[in-house]
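Below is one structure, written out as structure tokens, with a few remarks after it.
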Amino acid sequence: MNIVDMNVLTLRENLLNKNLKVYEVIEAFLKRIEQTEDKIDALLYINKEKALEEAKILDQKGPDPDKPLWGIPCTIKDILTTKDIPTTCASKILENFVPFYDAEAVKRLKDAGAIILAKANMDEFAMGSSNENSAFKITKNPWNLEKVPGGSSGGSAASVSARQAPFSLGSDTGGSIRLPASFCGVVGLKPTYGRVSRFGLIAYGSSLDQVGPITRTVKDAALILKVIAGKDEKDSTSSPMPVEDYLNGIDELKDLQGIKIGIPKEYWETELDEDVREECEKVVETLKRLKAEIVPISLPHTPYTIATYYIIIMAEASSNLARYDGVRYGFRYSEAKDFIDMFIKSRSLGFGPEVQRRIVLGTYVLSAGYYDAFYKKAAQVRRLIQEDFFKGFEKCQVMCAPVSPTPAFKIGEKTDPLQMYLSDIFTASINLAGIPAISIPAGIGKRSKLPVGIQFFAMPFKEKELLKITNLIEKEIGQLPKPFELERS
Ligand code: GLN
């Protein structure tokens, strides 16, 4: 098997039994990056020399079976700080920012032996669903170069799908891991809010942001989650709940007998692209064949998801982004007349249009006269949305739904911001509720020839159940082939 076609667990096996040298592995992925990057533009920075250097050191020391990711390369969404490696958040305002510390999730990967190959492109400050909001380049979908990879972790998902790396870390505030995972045909896991430390994750919506893995298999997601999850003193919202061994016993389930899977009608009885409906319904048939009990569920506040999410996220973003003032970080307009002029011009030139739109709207919904009408109301509805899920989970262990109403859309197709916001209709409610969700490939749409994803979600901290169930489904429906468009050209 080609090195770049190996998933994390296969690479690990080959590295530990010395079938492969770390140096060989890193070289193979760097070569693959060279071959594919021109076409897909998934990366913002390639950490070539340091990655090769680290590989040499690891090879000299010899395999360490206690390190679960010993010698395994990865890409990291450019929203996570990486020590001595540029971290831009795909924004001009952080263009020359080189952090002096690693995000906690990144540190845990490195402690486990992982090697950072590259920083992945994204929508500026994670605001977007297509990667078109990056200040630097637009990532293309490896399955069809005219389509978006999804966002905001689009570079991460495209890099894993294109075999530039066996896994990546992304962040999910309203769908940003699951949507690109579904558009690019890979696995994306958004853990329970608080499961993974947010230290060093550049803040977008602090009450919603969560770091998670993007991989090609469910088992790889289980392995990575175990490495990055757990309490961190540097993030007071990280949970002290013990971290489970998500891989242990993952193959135990032989069928889904005795497991109730909820089908929320608001997510299914709505306008869905035919490919999405067909592929997702096939998965439901598979669930039935595996003897799961399918339970109809209603989540009645679903229609308020987009309005609620966007009020809360813009409010939090406007407050989080106040720190970029031209004084402390990144870009500063140097010909300003005075302080106010410097502040205004640094922010106006440093932030892109979508980020500015959200800062303005967020400031508005938080302003004295409107706070009660918008922000407070949204916070109340958020609670109702969460209660819908908790009530639903009294009738079933997990629920499943499409990740997005359509497969990947064309670059440039969604010019109206509201159209773009509607891509998050099936994902954002899960962040509002703080629950875990995993997106896995359901199949390739017959008409679009693009991957379609399906997501499974459960009560807080039920990651292990989710991983067990989706691992079984993945075995049953099989993994996707390599993205053909990339191989053809
Ligand atoms: N598309 C959503 C937004 O723009 C979600 C982004 C995310 O999860 N980071 O806010």
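Ligands are counted one by one from 1 in listed order, and the atoms in each one are counted from 1 as well.
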Inset, instruction - With heavy atoms of Tyr204 as the reference, note each atom of ligand 1 found under 4.0 Å away. - result: 3 (C), 4 (O), 9 (N), 10 (O)
Inset, instruction - May I ask you to identify the nearest protein heavy atom to atom 7 (C) of ligand 1, giving residue, atom name and distance to one decimal place in Å? - result: Ser176 OG, 2.3 Å
Legend entry - Exceeds 12 heavy-atom contacts within 6.0 angstrom, atom CD of Gln380: yes
Inset, instruction - Could you say whether the N/O atoms of Met127 and ligand 1 ever approach to under 3.5 Å? - result: no
Inset, instruction - With heavy atoms of Ser152 as the reference, note each atom of ligand 1 found under 4.0 Å away. - result: 9 (N)
Inset, instruction - Would you give the length of the straight line joining atom NZ of Lys464 to atom CG of Leu247, rounded to the nearest 0.5 angstrom? - result: 8.5 Å
Inset, instruction - Indicate whether the side chain of Asp325 and that of Ser346 have a donor and an acceptor atom separated by less than 3.5 Å. - result: no
Inset, instruction - State if Tyr421 counts as touching ligand 1 under the rule of any non-hydrogen atom under 4.0 Å. - result: no
Inset, instruction - Say whether Glu124 and Ser134, considering side chains only, have a donor N or O and an acceptor N or O under 3.5 Å apart. - result: no
Legend entry - Lys92 bridged to Glu95 by N-O distance under 4.0 Å: no
Inset, instruction - Assess whether atom NZ of Lys377 is packed by more than 12 heavy atoms of other residues, nucleotides or ligands within 6.0 Å. - result: no
Legend entry - Six-ring centre of Phe199, Lys234 cation under 6.0 angstrom, axis tolerance 45°: yes
Inset, instruction - Indicate yes or no: does an N/O atom of Tyr309 lie under 3.5 Å from an N/O atom of ligand 1? - result: yes
Inset, instruction - Examine ligand 1 and decide if any of its atoms is less than 4.0 Å from a heavy atom belonging to Arg358. - result: yes
Inset, instruction - Please check if the distance between the ring centroids of Tyr204 and Phe125 is under 6.0 Å. - result: no
Inset, instruction - Would you mind running through ligand 1 and noting each atom that sits below 4.0 Å from a heavy atom of Asp424? - result: 1 (N), 2 (C), 3 (C)
Legend entry - N/O separation below 3.5 Å, Lys77 to ligand 1: no
Legend entry - Geometric N/O contact Ile313 with ligand 1, under 3.5 angstrom: no
Inset, instruction - Report yes if Thr173 has an N/O atom closer than 3.5 Å to an N/O atom of ligand 1; otherwise report no. - result: yes
Legend entry - Face-on cation placement of Lys147 at Phe183 ring, 6.0 Å and 45° thresholds: no
Legend entry - Contact atoms of ligand 1, heavy-atom distance to Tyr310 under 4.0 Å: 1 (N), 2 (C), 3 (C), 4 (O), 10 (O)
Legend entry - Numbered atoms and elements of ligand 1 in range of Gly174, under 4.0 angstrom, heavy atoms: 5 (C), 7 (C), 8 (O)
